[in-house]
Amino acid sequence: MVVAGEVSGDMHASRVIREIKNLSPDIDFFGMGSDSLRAEGVRILIDPMEVSTIGFFEAFKNLKTHLSNLKILKKAIDRENPNLIFLVDNSGFNMMMARAAYKKGVPVVNYFSPSAWVWGQWRAKWMARYKATIASVFPMEAKVYQEAGAAVVFVGHPLVDIVKIPQQSEDIYSELELDTEKKILALLPGSRRQEIDKLLPEMLKTAEKIQKIRKDYQFILPLAKGVDKNKISQMAANYNLIIKLVENKTYQVIKVADLIIAASGTVTLEAAIIGTPMVIIYKVGNLSYYLAKKLVKLDYIGLPNIITEQEIVPELVQGKANSDHLYTTVMSLLRKPYNLNTMRKELKYVKDKLGSSGAVRRTAELVLRKSGL
């Protein structure tokens, strides 16, 4: 059984499933996920994308659906009798799944585990108590789970293998029909509806201001998988801004961009691996933010900053995640190119901390080993 709950989790889970099938072709997969897992032949019992949210109170609104999904999967464990349950991301839900699996005597491998290094060691202790084996993708994650007594294997981060751009920059400029005489500022507002609604207007306002005074920059917005292009086009049309929307070219855009404005999340790690300077912004509901401030154990929200334990890239969170602060921050960087060069050097350190290539293969081998197949 495989259980993933968001676009990124669905994607990472599917890559491991593909590798498992290469190693052992006769295994049957079923569970919770979406398009990426379905494309790998997983029998999808639940597609949870409609209830993918950010924030405590936002998730609480869908509690009834989450509990119903949990009940369906518990019954599926009894009916299907899986050799192993592979839990990917979707922390709160998959913590419940780990407990259910333990009570039913089914081993668990947890990939992209609950962020105990963010929310506190109790999450690591929970997974240790229910005997989940942690396939760790971050060095700080491995440390926290080991200290909590969990079985941990540091597999490294799969993005080290995934983020590959074979094209040269000049070829990308040509393919995307970009102006070779201008630099590039890219907007990456995330894939969730809440992120787009809260962050994209602030990004577009900022771009509109910059375009008025910096004629040497062009603007581009790579659409995340599953994002409605028509909706983004309609939002962009509200601003006096020339911006190019592109699909299925996110890595190429990040590679040629001189600077990106990104929602906090996986894309900031992808940009770090590529080596592109960035400004991170993020905003959730006020109640969720207040509760997070009380519970979160970190000084930063951006993964590059968390990994290095210092603010190597600017973060604008909640009250500062607006066009005024964003404009000031971006213009400060554009006026001082040496700051961008310093950031590129520091991002290389982030990449080095993510481990060597082969994370997906190591995870697949771990799943097979623990399943006894």
Side-chain angles (χ1 to χ4, degrees), residues 1-6 9-34 36-38 40-48 65-116 122-137 141-142 145-146 148-155 158 359-373:
M1 173 187 272
V2 56
V3 183
E6 296 180 345
D10 183 56
M11 176 191 71
H12 287 302
S14 71
R15 290 190 169 104
V16 176
I17 297 306
R18 186 183 311 148
E19 191 65 30
I20 292 172
K21 288 163 65 178
N22 289 336
L23 294 168
S24 187
D26 297 328
I27 296 177
D28 178 51
F29 301 92
F30 69 97
M32 184 169 88
S34 195
S36 294
L37 282 172
R38 192 177 283 112
E40 292 302 324
V42 177
R43 289 186 287 119
I44 299 299
L45 307 181
I46 302 166
D47 188 329
T65 301
H66 291 308
L67 291 175
S68 175
N69 290 344
L70 186 65
K71 186 175 181 180
I72 291 169
L73 292 178
K74 285 180 179 179
K75 289 182 178 179
I77 295 172
D78 294 333
R79 182 178 67 250
E80 303 276 355
N81 190 28
N83 295 78
L84 179 135
I85 301 178
F86 183 45
L87 305 178
V88 184
D89 208 350
N90 200 27
S91 297
F93 187 88
N94 276 339
M95 289 173 72
M96 298 298 103
M97 282 300 301
R99 182 171 66 179
Y102 175 77
K103 290 182 176 179
K104 294 177 183 294
V106 183
V108 164
V109 170
N110 189 198
Y111 189 46
F112 287 86
S113 306
S115 302
W122 72 271
R123 285 190 162 199
K125 290 179 178 177
W126 175 285
M127 300 305 282
R129 181 186 310 130
Y130 294 116
K131 306 300 182 184
T133 298
I134 307 301
S136 176
V137 300
E141 176 185 63
Y145 274 92
Q146 285 168 348
V152 180
V153 177
F154 179 64
V155 296
V360 172
R361 176 79 174 208
R362 288 189 288 272
T363 305
E365 290 171 345
L366 175 64
V367 170
L368 285 171
R369 190 162 64 247
K370 291 295 179 179
S371 68
L373 296 172

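Only this structure's heavy atoms are used, side chains among them; waters, hydrogens and symmetry mates stay out. Nothing fancy with the numbering, it's 1 onward along the sequence. Note that the coordinates shown come from a computational prediction; the quantities given were computed from them, not determined experimentally.
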task: Would you check if Val108 and Tyr130 make a side-chain contact, meaning some heavy-atom pair closer than 4.5 Å?
output: no
task: Could you tell me whether Tyr102 atom OH has more than 12 heavy atoms of other residues or ligands within 6.0 Å of it?
output: no
- prompt: Taking only residues two or more places apart in sequence, or in another chain, which ones meet Arg43 in a salt bridge (Lys or Arg N to Asp or Glu O under 4.0 Å)?
  reply: Asp28, Glu80
- request: Kindly indicate whether the side chain of Val106, heavy atoms from C-beta on, has any atom under 4.5 Å from the side chain of Pro82.
  value: yes
- prompt: With no hydrogens and no angle check, do the side chains of Ser14 and Glu40 hold a donor and an acceptor under 3.5 Å apart?
  reply: no
query: According to the interplanar angle, ranging from 0 to 90°, do the rings of Phe93 and His66 count as parallel (below 30°), tilted (30 to 60°) or perpendicular (above 60°)?
result: tilted
query: Among all residues two or more places apart in sequence or in another chain, which pass the ring pair (Phe, Tyr, Trp, His ring centres under 6.0 Å) test with Tyr145?
result: none
- prompt: Distance-only, no hydrogens or angles: does the Asn94 side chain make a donor-acceptor pair with backbone N or O of Asp89 under 3.5 Å?
  reply: yes
query: Between Arg15 and Glu19, is there a salt bridge with N-O shorter than 4.0 Å?
result: no
Phe29 and Leu37, any side-chain heavy atoms less than 4.5 Å apart: no
Neighbour count >12 (heavy atoms, 6.0 Å) for atom NZ, Lys104: yes
- request: Would you mind reporting whether Phe30 and Met1 have side-chain heavy atoms less than 4.5 Å apart?
  value: yes
message: Checking Arg99 now: which residues fulfil salt bridge (Lys or Arg N to Asp or Glu O under 4.0 Å) with it, not counting sequence neighbours?
response: none
